[in-house]
2 protein chains.
Amino acid sequence: MDWKLDESLPIRSQLTERLISLIASSRYGPGDRIPSVRDLASDAGVNPNTMQRALCELEDMGLVVTNRTAGRCVTEDINIIDSFRRKRAREQTEEFLKKMSALGLERNEIKSLLKEALGEDEL
Amino acid sequence: MDWKLDESLPIRSQLTERLISLIASSRYGPGDRIPSVRDLASDAGVNPNTMQRALCELEDMGLVVTNRTAGRCVTEDINIIDSFRRKRAREQTEEFLKKMSALGLERNEIKSLLKEALGEDEL
DNA sequence: TAAACTGTATTATTGCTTTAATACAAAGAT
DNA sequence: ATCTTTGTATTAAAGCAATAATACAGTTTA
């Protein structure tokens, strides 16, 4: 997997986002075993310590469950995953609209840009 | 003015974004004199050095013009401001849609969220 | 002309993030 | 039973961002 890390944000934050995305999009499904800290770190090309911290954040959010010596799994509770997904989506929508307002864009312009980006006539 | 700085990003980046917003939304209009580095820094509650660096980024983008000892002004070239505004808006739209895809959302869900956030029946 | 203000430059220090190199205890695998 | 793998913890070092405290040269202003 290409983790596509850059320097615009702390690496740990980027790892956290990526892991969330993997779970939210079901590429790591409910109950699935997650690769070990060391494997993930090696794959992403980062220090195991950094990956460990990212995973701990996921655990704090309740998205993953840790079995001390037997590895980690995605939570089996679909509600947690789905409500998290909805919450995040809502937040990012708000954030997007705020940024557009900050640029002084009107609703019509926003709608127009979205249509264009989605390649649709009717939004 | 409330600069609303947090710790999610480097302060300099946040200052840059805020200044861009002020210009893009015409709160600092074309040709307008910009407050001094020290005044802006004092207002934002940051170190003058940090504000200075943010302003230099704006200058690199061509949004402000510096008159060595006589302060800074917003560029008088409306084209620069407007094309920058459009470019940013496009980028942020792309970014938003990418984030939504990363969460595994379908177009219908995205549309629905946008309608809800904009408080409109028809988007 | 003198004082205040402009952007800019420099140096040092503090704190955070990341990397690095280990170490440990518990469970699984052979 | 031994070896490997698991998550976790610790300590040190390097790099970067932000702050702090100045200093300088040129322009405005009083």
Side-chain angles (χ1 to χ4, degrees), chain A residues 1-20 22-23 28-29 31-76, chain B residues 1-20 22-23 28-29 31-76:
Chain A
M1 180 194 309
D2 184 9
W3 289 73
K4 287 176 191 161
L5 303 174
D6 57 55
E7 291 139 45
S8 64
L9 283 173
I11 291 181
R12 182 179 38 73
S13 309
Q14 295 181 60
L15 296 177
T16 303
E17 284 308 311
R18 194 94 179 92
L19 291 167
I20 285 175
L22 288 168
I23 294 174
Y28 287 167
D32 281 0
R33 176 75 178 276
I34 292 178
S36 77
V37 177
R38 292 169 178 84
D39 284 352
L40 283 172
S42 163
D43 188 39
V46 302
N47 192 282
N49 231 320
T50 309
M51 183 61 77
Q52 156 91 354
R53 279 166 200 152
L55 286 164
C56 283
E57 293 190 52
L58 277 270
E59 194 179 2
D60 291 341
M61 299 172 187
L63 292 178
V64 307
V65 177
T66 301
N67 309 301
R68 193 92 173 51
T69 61
R72 259 180 265 252
C73 294
V74 175
T75 179
E76 292 178 359
Chain B
M1 180 194 309
D2 184 9
W3 288 73
K4 287 176 190 161
L5 302 176
D6 56 54
E7 289 139 47
S8 64
L9 283 174
I11 291 179
R12 181 178 38 74
S13 309
Q14 295 181 61
L15 296 177
T16 303
E17 284 308 311
R18 194 94 179 92
L19 291 167
I20 285 174
L22 288 168
I23 294 174
Y28 287 167
D32 282 0
R33 175 76 179 273
I34 294 178
S36 77
V37 177
R38 292 168 177 85
D39 284 353
L40 283 172
S42 163
D43 187 39
V46 301
N47 191 282
N49 231 321
T50 308
M51 183 61 77
Q52 156 91 355
R53 280 166 199 152
L55 286 165
C56 283
E57 293 191 50
L58 277 269
E59 194 179 0
D60 290 342
M61 299 173 188
L63 292 177
V64 307
V65 176
T66 301
N67 308 302
R68 194 94 175 51
T69 62
R72 259 180 264 251
C73 293
V74 176
T75 179
E76 291 178 358

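Chain identifiers are assigned alphabetically (A, B, ...) following the order of the sequence lines, protein sequences preceding nucleic acid strands; residue numbering begins at 1 within each chain. These values consider heavy atoms only, across backbone and side chains, with no hydrogens, waters or symmetry-generated copies.
Residue whose closest nucleotide on DNA chain C sits further toward the 5' end, between A:Ile11 and A:Ala70: A:Ile11. Residue whose closest nucleotide on DNA chain C sits further toward the 5' end, between A:Ser13 and A:Thr69: A:Ser13.
Phosphate contact (OP1/OP2 of C:dT8, side-chain N/O of B:Arg72, threshold under 4.0 Å): present. Within the 4.0 Å cut-off from OP1 or OP2 of D:dT6, at least one side-chain nitrogen or oxygen of A:Ser36 is found. A:Arg12 has a side-chain polar atom (N or O) that falls below the 4.0 Å cut-off from OP1 or OP2 of C:dT18.
As rounded to whole Å, 17 Å separates atom P of C:dT17 from atom CE of A:Met51. Put simply, CD on B:Gln14 is 12 Å from C1' on D:dA18, counting in whole angstrom units. Separating the CZ atom of B:Arg33 from the P atom of C:dT6 is a distance of 7 Å, rounded to the nearest angstrom. Remark: C1' of C:dG7 and CZ of B:Arg68 are 6 Å apart, rounded to the nearest angstrom. Nucleotide C:dC16 holds its P atom 13 Å from the CZ atom of A:Arg53, rounded to whole Å. The distance from atom CG of B:Asn67 to atom C1' of D:dT28 is 13 Å, rounded to the nearest whole Å. Protein atom CD of A:Glu7 is 10 Å distant from nucleotide atom P of D:dA17, rounded to whole Å. Atom CG of B:Asn47 and atom P of C:dT13 are 16 Å apart (whole Å).
A distance-only check finds no donor-acceptor pair linking the side chain of B:Gln52 to the backbone of B:Val37 [under 3.5 Å]. Here the side chain of B:Thr16 pairs a donor or acceptor atom with the backbone of B:Arg12 at under 3.5 angstrom.
A donor-acceptor contact closer than 3.5 angstrom links the side chains of A:Arg72 and A:Thr66.
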Item to check | A:Leu40 and A:Trp3: CA distance, side-chain angles, deciding distance, side-chain contact (heavy atoms from CB on, under 4.5 Å) verdict | outcome: CA-CA 10 Å; A:Leu40 283 172; A:Trp3 289 73; 4.0 Å; yes
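Contacts of B:Arg38 with the nucleic acid, taken as non-hydrogen atoms under 4.0 Å apart, include base atoms.
When all heavy atoms are compared, the tightest approach of B:Leu55 to B:Val64 is O-CG2, 4.1 Å.
In terms of polar N and O atoms assigned as donor or acceptor, the side chain of A:Asn49 never comes within less than 3.5 Å of the base of C:dT22 in a complementary pairing.
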